[in-house]
Amino acid sequence: MSGKNNYFLTTPLYYVNDKPHIGHAYTTILADVLARFHRTAGEEVFFLTGLDEHGQKIQQAADEKGILPQQHCDEMAPRFTDLWEKLHIRYDDFIRTTEDRHKKVVQDILKMVYEKGDIYFDEYTGQYCVGCERFYTEKELVNGKCPQHNKPLETITEKNYFFKMSKYQQKLIDYINDNPDFIQPKHRKNEILGFLRQPLDDLCISRPKSRLNWGIELPFDKDYVTYVWFDALINYVTAPGYASDEKSFKKWWPAVHLIGKDILMTHAVYWPTMLFSAEIPQPKIIFAHGWWLSGESKMSKSLGNVVNPLDLIEKYGVDSLRYYLMREMVLGQDASFTIESFIKRYNSDLANDFGNLFSRVSTLIAKNFDSVIPKYIELTDEENKVQASAETVIKQVNELIAKMRINEAIEEILQFVRSINKYMEQQAPWKLVKTDKPAAARVLYTAAEALRVSALLLQPVMPNRTEIILDTLDAIDTELKWGILKSGTVIKKHSPLFPRIKVTESAVEKVKQTVQENVITFADFEKVELKTALILEAEKVEGADRLLKLQIEVGDEKRQIVGGIAEFYQPEELIGKMIVIVANLESATIRGIESNGMLIAAKKGKELSLIIIDSDNVESGIKIF
Ligand code: MSP
């Protein structure tokens with residue numbers, strides 16, 4: 001971590017469709033913590049995150065809402081940016097794959113790779129998972145299903161463009177062998193090398209517009225868009241300035257990519273071969289961390305077991321959440337998220353150890369030295385030992401962070417904090433003040449200095465609360481070395497930073513309930529106005545295979561509504577049907593057609609069935625509860 005290196009760090013681009021959960025928050029906090037550590041060490045840092053906004057899932061979701069995909073992305077994006085703000089994420093750039101700067105670089109790279117002869121046109125039949133937005137080979141399937149989603153795949157046959165990934169197979173194997181730190185941790189590197197023992201297939205990098213048009217158009221065939229992974233990975237070079245600002249690109253590239261193990265293959269096989277073809281140097285490190293599990297299974301939206309970070313922030317503060325996530329996961333392995341372990345960790349490390357040291361030191365100085373940090377006359381062996389261990393911990397933390405062993409770095413800092421609490425107990429300055437005031441001054445100065453060092457060390461993990469500690473000691477932005485704290489400084493008043501969480505069965509239950517997904521209050525539900533509607537006319541929308549335009553009657557009112565149901569219903573069969581709509585949804589313009597409201601349908605896989613009321617007694621415009 002030492003030296004004036006430039007440090008370029010990335011997170012995956014999250015699917016804009018997803019609701020951010022602890023898993024997404026984890027990678028982003030991890031990147032933020034690493035970025036802050038490196039900035040503190042005097043390095044120049046470029047921390048990039050953003051959103052993946054093209055592909056089938058986005059188009060489907062937009063169609064279901066009856067709005068344009070870009071509008072859908074624009075509506076969804078703030079859920080991520082707002083959360084990052086709440087989590088105190090300090091990124092340097094936020095990239096969305098629908099931005100022009102990115103589309104241009106994707107097209108430039110595609111053009112170059114095509115002209116070089118690394119892209120060809122062919123017919124292909126494959127097993128496709130919409131969730132992953134990728135084809136799977138037979139050998140990758142588990143019980144014939146997608147290994148990530150445990151769902152059957154779609155068999156798709158079509159003519160497409162292919163990237164000659166196989167051409168770079170040996171080059172990639174050699175590169176991984178020659179650069180042992182390229183893929184980390186080691187077991188992930190071995191996994192990729194194992195995979196590369198089999199012949200590598202070429203990569204289908206296009207989608208015909210007739211099936212999907214929400215993507216970046218291929219520069220050499222306007223009937224196709226770019227496959228979403230080929231598009232999204234390129235963000236890592238767009239943002240630092242590839243093909244737009246060579247100086248900046250040279251300054252930052254290559255990157256350290258932080259990813260979850262679910263997307264190792266795309267990052268450690270697709271991406272490096274794309275870079276070989278485009279003649280761009282390889283990333284510095286691809287680091288795949290494990291999953292946050294809920295019980296035994298991965299936390300994910302499709303499994304419905306996600307923890308919403310906002311609930312925890314509200315209840316326990318941002319820093320506690322950041323601390324827990326960083327302390328609890330051994331980088332590279334899976335970890336289980338439970339409220340019980342969260343509370344336990346908070347109480348032991350933050351309330352007992354760190355918070356306790358802070359309140360003891362500040363209370364004793366306030367009470368016995370008029371809130372002025374005392375001056376010491378002479379130090380004993382004990383203080384020299386404290387100084388030596390502070391110097392050791394600073395060094396160790398630097399080394400551990402350089403190896404991305406954050407949880408161990410945190411544990412070292414906490415060991416140091418615990419040793420200071422012990423030192424306080426042995427020295428008992430609350431007794432010394434009565435018998436030997438200079439000795440009490442010596443101990444309290446030393447403990448306060450140790451507290452300052454610990455707060456600075458923990459600052460990248462808990463930027464908020466440590467700032468309060470440093471502010472109390474009037475030591476914000478002070479240097480991370482021993483002996484900086486000034487005697488004579490007046491310390492400020494503060495409230496307890498990490499009040500103990502009382503653990504009762506019901507408290508845990510209550511928290512569990514609040515972190516459950518998909519629970520809304522009755523008041524939330526009441527905001528949605530569901531009404532019956534009678535279909536008077538229905539017709540196809542030209543140029544949009546999925547859409548139908550309906551004229552409906554909602555009580556006395558006539559309305560027009562557009563829905564993504566054309567694949568499932570013929571216009572004629574809908575006339576006279578009584579359906580259910582969301583009546584108070586703001587109107588939208590879809591493919592130039594106004595839509596007032598939204599149809600309600602049951603969805604199974606790709607199949608949609610409208611909710612149709614099978615009773616002659618129900619008129620249109622009736623409210624549904
Ligand atoms: N859009 C792609 C990535 C493109 S990168 C050019 C994607 N997006 S995602 O929204 O599904 O995000 C996946 C990433 O979120 C994982 O790699 C990981 O960083 C994080 N996590 C999502 N769920 C997670 C857990 N349960 N546990 C830990 N992190 C996980 O894939």
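In each ligand, atom 1 is the first atom listed, and ligand 1 is the first ligand listed. Quick note: numbers below take in every heavy atom, side chains included, and nothing from hydrogens, waters or symmetry partners.
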### Query
Distance under 6.0 Å and angle within 45° of the ring axis: does Arg327 meet both against Phe342?
no
Side-chain atoms of residues 180-197: list all donor-acceptor pairs with protein atoms under 3.5 Å, sequence neighbours left out, distances to 0.1 Å.
{"from": "Gln184", "atom 1": "NE2", "to": "Asp181", "atom 2": "O", "distance (Å)": "3.1"}
{"from": "Arg188", "atom 1": "NH1", "to": "Glu191", "atom 2": "OE1", "distance (Å)": "2.7"}

### Query
Do His289 and Lys261 pass the side chain to side chain donor-acceptor pair (under 3.5 Å) test, and can you show the C-alpha distance, the side-chain angles, and the key distance before you say yes or no?
CA-CA 6 Å; His289 63 70; Lys261 65 178 183 181; over 6 Å; no
### Query
Side-chain donor-acceptor pair under 3.5 Å between His72 and Asn17, yes or no?
yes
### Task
Quick one, list the residues around ligand 1 where some non-hydrogen atom comes in under 4.0 Å, by chain and residue number.
Pro12, Leu13, Tyr14, Tyr15, Asp18, His21, Gly23, His24, Thr27, Asp52, Trp229, Ala232, Leu233, Asn235, Tyr236, Gly260, Asp262, Ile263, His267, His289, Gly290, Trp291, Trp292, Lys298, Met299
### Message
For Tyr270, give me all partners under side-chain hydrogen bond (donor to acceptor under 3.5 Å, both in side chains), at least two apart in sequence or on another chain.
### Response
Arg134
#### Entry: Residue pairs fulfilling salt bridge (charged side-chain N to carboxylate O under 4.0 Å, His left out) with at least one residue in residues 265-284, sequence neighbours excluded
Lys116-Glu279
